[in-house]
Structure formats: C-alpha cells, structure tokens
There are 2 protein chains.
Amino acid sequence: MNVSESKDMVKILKALANPVRLRMIASLCEKPKNVYALAKELNLPYPLAYLHLGGLKKLGLVKEVREEKKVEGLPTVKYYAPSDFSFVLTPKNIQKLFQRKKEAVK
Amino acid sequence: MNVSESKDMVKILKALANPVRLRMIASLCEKPKNVYALAKELNLPYPLAYLHLGGLKKLGLVKEVREEKKVEGLPTVKYYAPSDFSFVLTPKNIQKLFQRKKEAVK
DNA sequence: TTTATATATCAATAATTTCTGATATATTTA
DNA sequence: TAAATATATCAGAAATTATTGATATATAAA
C-alpha cells in the first residue's frame, strides 16, 4: 500500500480515528466474517455496520475474502478480513508527507 | 508515551486525522516556533492555530520548548516542537488494543 | 506613540460525521 | 410458509468538529 499523498494519509487516519471502525478491524482480525455477523457481534444496527465497513473497504483497509463460500453460482455471503496495512506515525514521517510534493515548473 | 487504553488511541488518531494539525507538526519539525508564527506560516487565523495547537499539546503530541528565551523573568514567547511519538498502525496492534482490558472480577 | 507582535478566550456559525429508522430485495432454515 | 438471515440504500436527525469574528490584554519595535 503506497500512500504518496498527504490527502490519502488524512483519509486513512480519519478512517482509523473511530472506535467503531477500529473494533471492526479488531474483530475481523480474529476471524473473517460478513457485515451481518459483524453488526450482531459489535451490537450495531446493520446499516451503520454496512456504512463503516464500506468506508474501510473503500480505502483498502479491509478486503473481501472468499471463505466457506457456497459453490454453484455466486457467493451469497461476503466475508471480510483486514488487509495487512502498516502505517508508522512519527513526526519525521509526517514531515516527509508534507514536503513540497510539487516541484516548481522548470 | 504509553497508550494503554483504546480510547486514548482514538483521541490521538483523531488529533492526527486533520490536515491543519499534521501541517503544524510538519512545520514544527523543521524548526520550533510559537503559535503566532505558526499561524502566519500556515496562513491560519490565530484563534484557529491556537485551538489546534492546544489540542496537540493536550495530548502530548507537541511540547513546549524553551528556546531563544529572554532571560530575566518568564519567557514572553512560547516555542513548541513535536514530541517524539511513534505509533505503528497495523491490524494486529489494533486487535491488541481492543482485547478485553478489564479482567473479570475474581 | 503608534504599529506589529503575541497570548488567551469565547460565542456563534458552518461543515462534517455519525447514527437511526425506513424501504426493498433475496435466500435460507424451521 | 413464516421467520431468520443477508445485502443494499437513503433521507433525515443528532452529534461532533472546525472555523470565523470579536474581545481583552500585554510587550516589543519603529
């Protein structure tokens, strides 16, 4: 996972700066599961879980895994697991992120 | 810096999940400076800079440094620098953070 | 002495994020 | 066939964050 833009890093930090989404990642770390099961486990209304997981998925922090799928046709149940990201937050790394990324023309 | 509680981690992530505050850390990394100078450099109204820096200071992500201080009495100008934090964001670390921190009584 | 520098706060608004409740649809199990 | 499982969306409300503009105060420089 390559985070070249500071904007992308902000998006990822925003996604991770939420207790519900962190709990989701923690839970999916133990065992991949579908949104419905996740919602039940974390005691969340399904649409909320769906929304939060959608955000994580969109940023690539969580991925769809095909586990225990029903053969014969498309899978009815979608399983999710965390993707193996690693972000090291230090002042130096933050500084690098905000160094003029756009070189002056000529 | 010891982040034992998941709540503390969420607070820190929220503090870092903001472009203004990240730019502040990046700028203070180059050279410690006061809020006024920081506000000018980043083109922010002073109260906004004051507020954002206050948040970072409160969480210990930024610290006051006594540099170029006027001797004789207290310093008129307060200089700030990033403290040397390091947070590694991985699914495993997030999982650890949310493992039942409270052991059942007896 | 006037202007620029500097810190500190606050009230109100603006913007964003989060959450709830509703709807639609389909499959699977009892 | 009725209930539970499952995905997908949305509109609106609620809550939180971010921003602006105002005020007060003080020091330092021109």
Side-chain angles (χ1 to χ4, degrees), chain A residues 6-7 10-25 27-28 31-59 61-81, chain B residues 6-7 10-25 27-28 31-59 61-81:
Chain A
S6 61
K7 280 182 185 174
V10 173
K11 278 183 193 170
I12 284 166
L13 287 173
K14 280 194 180 187
L16 296 176
N18 179 289
V20 171
R21 289 188 291 264
L22 287 182
R23 278 162 64 212
M24 281 183 151
I25 290 171
S27 167
L28 294 178
K31 191 175 179 292
K33 46 185 80 72
N34 61 25
V35 187
Y36 188 81
L38 198 55
K40 266 204 303 182
E41 192 195 311
L42 301 183
N43 220 300
L44 301 168
Y46 172 82
L48 189 58
Y50 174 78
L51 189 81
H52 282 300
L53 193 98
L56 292 171
K57 196 170 49 171
K58 198 178 161 189
L59 289 171
L61 296 170
V62 147
K63 66 189 172 192
E64 200 177 328
V65 289
R66 300 291 172 96
E67 216 170 292
E68 303 173 54
K69 70 182 171 201
K70 303 268 168 34
V71 254
E72 199 93 20
L74 298 165
T76 356
V77 178
K78 296 177 181 176
Y79 288 86
Y80 297 94
Chain B
S6 60
K7 281 182 185 175
V10 173
K11 279 182 193 170
I12 283 166
L13 287 173
K14 280 194 180 188
L16 296 177
N18 178 289
V20 171
R21 289 187 292 264
L22 287 182
R23 277 163 64 212
M24 281 182 151
I25 291 170
S27 168
L28 293 178
K31 190 175 180 292
K33 47 185 77 74
N34 60 26
V35 188
Y36 188 81
L38 199 55
K40 268 205 302 184
E41 192 195 311
L42 301 182
N43 219 299
L44 301 168
Y46 172 82
L48 189 58
Y50 174 79
L51 190 82
H52 281 301
L53 192 98
L56 292 172
K57 195 169 53 171
K58 198 177 160 189
L59 290 171
L61 296 170
V62 146
K63 65 189 171 192
E64 201 177 324
V65 288
R66 300 291 174 96
E67 216 170 292
E68 302 174 54
K69 70 181 171 204
K70 302 268 167 36
V71 255
E72 199 92 19
L74 299 165
T76 358
V77 177
K78 296 178 181 174
Y79 287 86
Y80 297 95

(request) Measure from CG on B/Leu42 to P on D/dT19 and round the result to the nearest Å. (result) 12 Å
(message) Using a 4.0 Å heavy-atom cut-off, does B/Lys33 contact any base of the nucleic acid, only the sugar-phosphate backbone, or nothing at all?
(response) nothing
(request) When you get a sec, tell me which of C/dT9, C/dT5, D/dT7 is the closest nucleotide to the side chain of B/Tyr36? (result) C/dT5
(message) Please determine whether a side-chain nitrogen or oxygen atom of A/Asn18 lies at a distance below 4.0 Å from atom OP1 or OP2 of C/dT17.
(response) no
(request) Might you point out which heavy atoms bring B/Leu38 and B/Lys33 nearest each other, and give the distance in Å? (result) CD1-CD, 3.9 Å
(request) Return the nearest nucleotide to the side chain of A/Asn34; candidates are D/dT7, D/dT9, C/dT18. (result) D/dT7
(request) Would you name the heavy atoms of B/Val65 and B/Pro32 that are closest together and state the gap between them? (result) CG2-CB, 3.8 Å
(request) Choose from D/dT19, C/dC19, D/dA8 the nucleotide whose nearest atom is closest to any side-chain atom of B/Leu48. (result) D/dT19
(message) Can you work out whether B/Pro47 or A/Arg21 has the more 5'-proximal nearest nucleotide on DNA chain C?
(response) B/Pro47
(message) C/dA6, OP1 or OP2 - any side-chain N/O from B/Lys40 closer than 4.0 Å?
(response) no
(request) Taking only the side-chain heavy atoms of A/Pro45 (C-beta and beyond), determine which of C/dT17, D/dA8, C/dT20 contains the nearest atom. (result) C/dT20
(request) Identify the residue among B/Leu61, B/Val62, B/Leu56, B/Val35 that makes a side-chain contact (heavy atoms from CB on, under 4.5 Å) with B/Met24. (result) B/Leu56
(request) Report which part of the nucleic acid B/Leu51 touches: base, sugar-phosphate, or nothing (heavy-atom distance under 4.0 Å, all strands). (result) base
(request) Figure out the CZ/C1' separation between B/Arg23 and D/dA18, and round it to whole Å. (result) 14 Å
(message) I need the CE-P distance between A/Met24 and C/dC19, as an integer number of Å.
(response) 10 Å
(message) With a cut-off of less than 4.0 Å, is there a side-chain N or O of A/His52 near OP1 or OP2 of C/dC19?
(response) yes
(request) Can you see which heavy atom on B/Leu22 is nearest to which on A/Val10, and at what distance? (result) CD1-CG2, 3.7 Å
(message) From the set D/dT7, D/dG21, D/dA18, return the single nucleotide nearest to any side-chain atom of A/Lys78.
(response) D/dT7
(request) For the side chain of B/Tyr50, starting at C-beta, report the closest nucleotide among D/dT19, C/dT9, C/dT7. (result) C/dT9
